[in-house]
Student: 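Here you go, one structure.
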Amino acid sequence: MDSKAAAPEVRASSAAPVRSTAPTPAPTPAPYSTAALLAACELSRADGRHLDGAAQAEQVLATFGITPAECAQARELLALHRLRLGEVEASVRHGLLALEYLVDTGELLRQSQVHCTLALAFHESGLHEPALRHVLGALSAARASGSKLAEFWALSRSSMVHVGMADAQRALELGRQALDLSRLLEDAEARFAGLNNLGDTCLELAKTQSAQGLDPADALREALDNVQQGAALAQGQGHVFWETIARTNLVSILIELRRYGEAREQVGLSKRLAAANGYRNLELDNDAQLAELLRAEGRIDEATAMMVAQLADPFIEDDPARLTRLHRALGEMYKERGHFKFALDHAEKLHELTLRLTRQTAGLQSRMLINTLEIEQARHETERSQLEAQVLRIRAEKLDQQAHTDPLTLLPNRRALDRQLPALMRRAHDRAQPLCAAMVDLDHFKRVNDAHGHATGDRVLAAMGTILTDAIRDSDLAVRLGGEEFLLVFGDATPADAAKACERLLDAVSGFRWDDVAPGLRCTVSIGLAVRNSGERTAHWLARADKALYEAKRAGRNRVESAPQ
């Protein structure tokens with residue numbers, strides 16, 4: 001039975017996951033758009049028409065030019081449809097591919113739903129470790145998404161996986177958590193599933209306790225209470241399928257409690273519902289329960305006759321799990337009655353079935369694990385390629401930065417000026433704003449080298465890089481042209497603003513703690529400022545700033561001179 005939230009599984013205690021065999025409504029004509037196909041596929045999921053839904057999802061995947069999002073949605077739905085059709089290998093393949101996309105896009109709620117589907121697929125295949133990994137993923141994604149409904153289904157699925165791992169106690173804890181959460185939700189399906197699945201888990205715990213010689217009474221009472229509530233809820237909702245499942249589970253609990261009269265009454269109600277609504281799978285479960293009931297009552301001949309009749313039913317030919325249970329029960333009963341030839345016959349058939357199932361399961365598990373590894377390897381290869389591309393890009397960016405950066409001052413160099421200045425000029429032109437350039441030169445820098453050494457000179461230049469970096473805004477540009485000469489270009493600044501910025505730079509240089517660089521050291525700069533005229537060539541504009549710089553030098557240094565326009 002499907003959920004609006006996370007593809008739940010409502011469990012029947014005496015059988016594999018229940019699949020309704022009610023007549024499938026006639027499919028509507030195939031829609032043409034991808035969106036319509038996906039909507040129809042989702043509707044098929046809600047209606048339990050999994051053959052139709054699988055065909056619709058496959059049609060989407062075969063459509064040329066579908067987007068990654070559409071592909072992921074189709075695979076997400078196809079994983080569920082294939083699972084419901086018993087095709088767990090295909091379910092896992094499509095689920096893992098859908099999950100990749102959902103992880104990349106950060107869609108937590110859908111991640112939780114796909115994790116739930118994958119958990120059930122691995123659980124049904126006996127691969128408990130990956131099943132557990134996916135229920136943990138489902139729970140984590142559900143909680144991160146804030147969806148209590150998704151969290152409920154993740155807890156419920158986790159309980160189911162722990163039952164398969166023979167950890168009934170942990171399964172019971174998780175089932176109780178799920179049921180507690182379902183009470184907070186206005187969702188009848190979640191409430192029913194929480195009651196019914198917890199009842200089934202309690203029944204499994206009771207059977208384990210009986211096998212260990214422990215008293216199963218408490219577990220059976222809890223199982224009975226929950227499943228009775230589930231049956232009442234289903235009846236109140238008018239949901240015949242839920243009610244049939246609940247009453248089927250109720251029969252198994254009553255047999256364990258040795259309340260055979262009530263069990264017979266419930267199995268009769270359940271079978272009538274199943275027969276009236278075409279739930280052939282559940283009807284067969286009811287027949288098996290009747291035979292089990294007869295056996296429990298000591299009516300071995302009748303139980304044997306019923307089971308032999310069930311073996312002749314062609315509907316179960318492709319149901320090895322059901323065949324296994326029948327051959328095992330018949331073998332045990334014939335042996336109890338001393339009919340060793342018949343007992344041996346069923347033992348041999350059971351052995352053949354077990355070997356066949358073991359081979360099939362082993363093959364399926366191997367293919368699923370290989371498929372999982374291949375998908376994970378492909379993802380790792382993609383991630384490695386992306387990382388390699390990122391490393392190459394970072395290296396290229398670093399090389400480009402090195403090529404355009406002065407290594408001593410860490411300011412942009414002439415190459416950077418050639419790259420960045422045209423953009424500043426275009427922006428100034430587009431905004432009808434002036435653009436000012438300031439040539440900056442350290443005063444008497446040769447004396448610094450002569451008196452203190454070239455190493456000290458390098459430290460002075462490095463300090464100038466820091467001073468200039470601190471002095472400019474994001475819209476400005478500071479460049480080392482070479483030697484002790486620098487260029488400042490002021491973006492979004494009037495000539496008066498640029499002149500004030502240059503005066504502040506004079507103060508910053510003269511007030512710097514040059515003693516920290518070398519004892520007794522003092523440094524100043526001279527600055528030539530020029531405003532670019534409209535249409536003026538760059539070389540001419542910068543030459544005017546350079547000429548103003550020499551005027552500042554001639555006028556005594558440590559000053560700003562502005563070039564005439």
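Keep in mind the model is a prediction, meaning the values are calculated, not measured.
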Student: Pair Leu139, Ser158 - check side-chain contact (heavy atoms from CB on, under 4.5 Å), show working.
Tutor: CA-CA 8 Å; Leu139 192 57; Ser158 185; 5.8 Å; no
Student: Applying side-chain hydrogen bond (donor to acceptor under 3.5 Å, both in side chains), run through His94 and Arg82 and close with a yes or a no.
Tutor: CA-CA 9 Å; His94 290 292; Arg82 291 297 179 204; 5.6 Å; no
Student: Would Asp52 and Ser44 count as having a side-chain donor-acceptor pair, cut-off 3.5 Å?
Tutor: no
Student: Please check this pair: side chain of Ser159 against backbone of Leu155, looking for a donor-acceptor N/O pair closer than 3.5 Å.
Tutor: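 No: the side chain of Ser159 does not pair with the backbone of Leu155.
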Student: Using every non-hydrogen atom in the two residues, find where Leu185 and Phe152 come nearest and quote the distance to one decimal.
Tutor: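 Heavy atoms of Leu185 and Phe152 come nearest at CD1-CB, 4.0 Å.
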Student: With no hydrogens and no angle check, is any side-chain donor or acceptor of Glu151 less than 3.5 Å from a backbone partner on Arg143?
Tutor: no
Student: Only one of Met165, His134, Met160 passes side-chain contact (heavy atoms from CB on, under 4.5 Å) with His123; say which it is.
Tutor: Met160
Student: If you measure only the distance, is there a donor-acceptor pair under 3.5 Å linking the side chains of Ser182 and Asp187?
Tutor: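 Judged by distance alone, the side chains do not pair up.
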Student: Students often mix this up, so state it plainly: with edges at 30° and 60°, are the rings of Trp242 and His239 parallel, tilted or perpendicular?
Tutor: parallel
Student: Got a donor-acceptor contact below 3.5 angstrom from the Ser270 side chain to the Gln266 backbone?
Tutor: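 Such a contact is absent between Ser270 side chain and Gln266 backbone.
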Student: Between Arg322 and Asp313, is there a salt bridge with N-O shorter than 4.0 Å?
Tutor: no
Student: With a 3.5 Å cut-off and no angle check, do the side chains of Gln289 and Asp285 form a donor-acceptor pair?
Tutor: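 There is no such pair (donor and acceptor under 3.5 Å, judged by atom type) between the side chains of Gln289 and Asp285.
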Student: Test your reading of the model: is there a side-chain donor-acceptor pair from Thr63 to the backbone of Val60, 3.5 Å cut-off?
Tutor: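 Yes, the answer is positive, given that a donor and an acceptor are paired below the 3.5 Å cut-off.
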Student: Is any NZ, NE, NH1 or NH2 atom of the basic residue among Asp180 and Arg176 found under 4.0 Å from an Asp or Glu carboxylate oxygen of the other?
Tutor: no
Student: Would you check if the side chain of Arg157 reaches a backbone N or O of Cys116 as a donor-acceptor pair within less than 3.5 Å?
Tutor: yes
Student: Does Asn277 use its side chain to pair, donor to acceptor, with the backbone of Leu273 at less than 3.5 Å?
Tutor: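 Side chain of Asn277 to backbone of Leu273, a donor-acceptor pair under 3.5 Å: yes, one is there.
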Student: Main chain of Gly137, side chain of Ser140: is a donor-acceptor contact present, judged purely on distance under 3.5 Å?
Tutor: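 No, the answer is negative, given that no donor and acceptor are paired below the 3.5 Å cut-off.
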Student: Taking Arg221's backbone N and O only, do any of them form a donor-acceptor pair with Asp225's side chain (distance below 3.5 Å, no angle check)?
Tutor: no
Student: Quick check on Arg395: does its CZ atom have over 12 non-hydrogen neighbours (other residues, nucleotides or ligands) under 6.0 Å away?
Tutor: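 No - once you tally the heavy atoms of other residues, nucleotides and ligands closer than 6.0 Å, there are 12 at most.
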Student: Please determine if Glu297 and Arg264 form a salt bridge, counting it only when a charged side-chain N lies under 4.0 Å from a carboxylate O.
Tutor: yes
Student: Can you check whether Leu254's main-chain N or O pairs, donor with acceptor, with Glu262's side chain at less than 3.5 Å?
Tutor: no
Student: Around Glu332, counting heavy atoms of other residues, nucleotides and ligands shown, do more than 12 lie under 6.0 Å from its CD?
Tutor: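 Correct, the count exceeds 12.
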Student: Would you say the side-chain atoms of Ser147 pair up with the backbone N or O of Ala150, donor to acceptor, closer than 3.5 Å?
Tutor: yes
